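It should be emphasised that the depicted structure is a prediction, and the values quoted were computed from it without experimental measurement.
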Amino acid sequence: MKKIFALLIFSVVTMGYVSAQKTVTGNISGEDGLGLIGANVLEKGTSNGTITDFDGNFELAVSADDAVLVISYAGYTTQEIDLAGQSNVSIVMAEGQMLEEVVVVGYSESSRLTDVASVSSVSAENIQNRPTPNVLSAVQGQIPGFMTSASSGQPGSVQQVRIRGTGSITAGRNPLYVIDGVIMQTG
């Protein structure tokens, strides 16, 4: 008898908790009307949240009818939406401060302002009008610490490239070449 009574009380409490939760669905889009993929939807004051799918749609179980949703997405202004009994919302995000430039370094990211000198680049405009026999000679003097030297005096001989010195403790002496996103073993 006690087991049945305990089971009955547990069932009533569980039903009360389940009925207190409310499922909210919605769509998040940009000013252009396209759905935002991966926008963050969070119930304010909790760790209850989700992200949008490929079309900008989401579904979230919130704790109360008057819950507040916090919507955030990179490059857009964060918005707080008071549900006030709504179960389906459509949100248009306003563009906020855009990222100016991001430099990807290895497995992490840093901004161009905080990246001191580990990454250098030369645009085609800087070297296209220089009268040089090859690209390596054209880059000479454009990047700090970049040195080239001919391995022999014969025409067409391969040039050696050194950046900030001639040796390394743990790696090879040759630089890493990335040309249009493709990693090359040699220049």
List, one per line, each side-chain donor-acceptor pair under 3.5 Å for residues 52-62, sequence neighbours excluded.
residue, atom, partner, partner atom, Å
T52, OG1, L36, O, 2.5
T52, OG1, G38, N, 3.0
T52, OG1, A39, N, 2.9
D53, OD1, D55, N, 3.0
D53, OD1, G56, N, 3.1
D53, OD1, N57, N, 2.8
N57, OD1, N27, ND2, 2.7

Rounded to the nearest 0.5 Å, what's the gap from CD on Q86 to CG on D66? Could you check? 12.5 Å
Out of curiosity, does V68 fall in the hydrophobic cluster containing L42 (side-chain heavy atoms, cut-off under 4.5 Å, transitive links)? no
Side chain to side chain donor-acceptor pair (under 3.5 Å) with N48: which residues, sequence neighbours excluded? E43
Please report the interatomic distance CD1(I28) to OG(S90), rounded to the nearest 0.5 Å. 9.0 Å
Quick check on side-chain contact (heavy atoms from CB on, under 4.5 Å): which of T50, T78, I51 does N40 satisfy it with? I51
Please list all pairs passing the salt bridge (Lys or Arg N to Asp or Glu O under 4.0 Å) test where one or both residues lie in residues 69-90, with sequence neighbours left out. K44-E80
Mind checking what makes side chain to side chain contact (heavy atoms under 4.5 Å, CB included) contact with S87, not counting sequence neighbours? K22
Please check if the side chain of Y73 supplies one atom and the backbone of I37 the other of a donor-acceptor pair under 3.5 Å. yes
Can you pull out every salt bridge (Lys or Arg N to Asp or Glu O under 4.0 Å) where at least one residue sits in residues 142-153? Sequence neighbours excluded, please. none
Under the side chain to side chain contact (heavy atoms under 4.5 Å, CB included) test, which residues partner Q79, sequence neighbours left out? I81, I91, M93
